[in-house]
Amino acid sequence: MTRQRAFARRIESLQEMFAFAAVQGERLQAAEFAIEELFTNMLKYGRPGAGEVWMEIDESPASVEVTLIDRDVQPFDPTQAPDAEVGLPLQQREPGGLGLHLVRRLVDALQYEYVDASRESRTRFRVTRSQPRAASETQGGLHADH
Amino acid sequence: MLTIDSGPDGSLRLVGRFDASQVAPAQAAFDRVAGTVRVDCAGLEYISSAGLGVLLKTQKRLAGAGGKLRLTSVSRHIRDIFVYSGFDQIFEIEGDANGR
């Protein structure tokens, strides 16, 4: 089943987006994390005054796919953003840069598509309904199939 | 919604969701702490990179004066986020009693 809805381009939309996605169970946290990071990135880098951001939810018994659609924007591929340097000592760490680094590790797949004709960015991620191994068990982290 | 309670010993207790909309009030609360500060995360349901930024900024400030944040009762999901962020190398982190 597919549902879609438009959301105003402001941080206060987050709670409505989480409610609309309505992901249940233990993968809720990963899904909400990815929605927040991808959406706040669109707010940060999108053109001020641009239109609403659309969210599309495609559910199956095995997984949930979420697509965020931003129109009239420059291309920005979150699958290609560099990883944060998480091994640096405290005094060399700076806030920022962790969002996409974490999204790529928390979701099961992340894809990006840009439609030139409509200048439309479509960022899609998938979470399966079963919990992957914990980071504390794998240490190296999971790798999304981009 | 995120609630931050301050204990008489200077510790903090986080309850709720630490997302981007909570950064300003949370940073104000963390800016008031000093020394070594226990942060009880038992009631913390969710944290995004915006919340991680507040913790990191505070840890750097406290470390400059010989202090630190000690994160306690951290759930499994949030611990995973800390590990992927490398925070397990720069914070003291204790899991919750149930190993969630």
Side-chain angles (χ1 to χ4, degrees), chain A residues 10-18 23 25-44 81 83-107 131-144, chain B residues 1-2 16-27 30-31 41 44-71 74-96 99-100:
Chain A
R10 55 172 193 247
I11 198 72
E12 290 77 16
S13 295
L14 272 178
Q15 301 311 319
E16 296 168 47
M17 296 174 87
F18 294 157
V23 177
E26 54 189 10
R27 300 297 279 139
L28 166 71
Q29 306 272 358
E32 291 189 345
F33 189 97
I35 290 169
E36 174 170 343
E37 300 299 341
L38 295 170
F39 181 65
T40 53
N41 242 41
M42 289 170 175
L43 298 187
K44 249 184 257 177
D83 274 343
E85 292 189 72
V86 300
L88 293 175
L90 176 63
Q91 291 308 332
Q92 291 177 35
R93 296 286 304 262
E94 294 296 337
L98 279 172
L100 296 176
H101 172 95
L102 288 166
V103 167
R104 287 195 292 267
R105 284 156 179 80
L106 292 171
V107 302
Q131 173 72 46
R133 285 176 300 164
S136 44
E137 293 163 22
T138 61
Q139 286 298 322
L142 300 169
H143 297 282
Chain B
M1 183 66 190
L2 178 72
R17 301 171 59 84
F18 200 163
D19 64 27
S21 67
Q22 303 298 317
V23 166
Q27 188 67 64
F30 276 91
D31 283 348
C41 300
L44 182 62
E45 297 164 14
Y46 171 88
I47 190 166
S48 69
S49 70
L52 297 175
V54 172
L55 295 180
L56 178 60
K57 188 175 168 195
T58 306
Q59 186 76 332
K60 289 182 72 166
R61 177 178 65 79
L62 294 177
K68 63 185 169 190
L69 295 178
R70 242 173 14 95
L71 310 173
V74 175
S75 69
R76 190 184 72 172
H77 169 75
I78 290 174
R79 188 183 178 83
D80 283 350
I81 287 184
F82 287 155
V83 171
Y84 289 139
S85 306
F87 277 25
D88 55 328
Q89 305 299 312
I90 53 177
F91 286 86
E92 257 183 59
I93 300 173
E94 295 171 19
D96 71 9
R100 284 185 297 143

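Reminder, nothing fancy here: chain letters follow the sequence lines and each chain counts from 1.
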Which atoms of [X] approach chain B - backbone, side chain, both or neither, heavy atom under 4.5 Å:
X: F18(A); value: side chain
X: Q29(A); value: both
X: L90(A); value: both
X: E85(A); value: neither

Approximate separation, where rounding is to 0.5 Å, of L98(A) CG and I81(B) CD1: 10.5 Å
Distance in Å, I35(A) CD1 paired with S13(A) OG, rounded so as to fall on 0.5 Å steps: 12.5 Å
With sequence neighbours excluded, residues passing salt bridge (charged side-chain N to carboxylate O under 4.0 Å, His left out) with E16(A): R5(A)
Segment of I47(B) engaging chain A (4.5 angstrom heavy-atom cut-off): backbone
Leading residue by heavy atom contact count with chain A [cutoff under 4.5 Å; candidates G53(B), G86(B), S48(B)]: S48(B)
Contact winner vs chain B - V86(A), L88(A), T40(A), heavy-atom pairs under 4.5 Å: V86(A)
Greatest number of heavy atom pairs closer than 4.5 Å to chain B - which of E94(A), E36(A), H101(A): E36(A)
Presence of salt bridge, D83(A) and R104(A), under 4.0 angstrom: yes
Closest non-hydrogen atom pair between A31(A) and V23(A), with its separation: CB-CG2, 3.7 Å
Side-chain H-bond candidate by donor/acceptor type, D31(B) with Q27(B), under 3.5 Å: yes
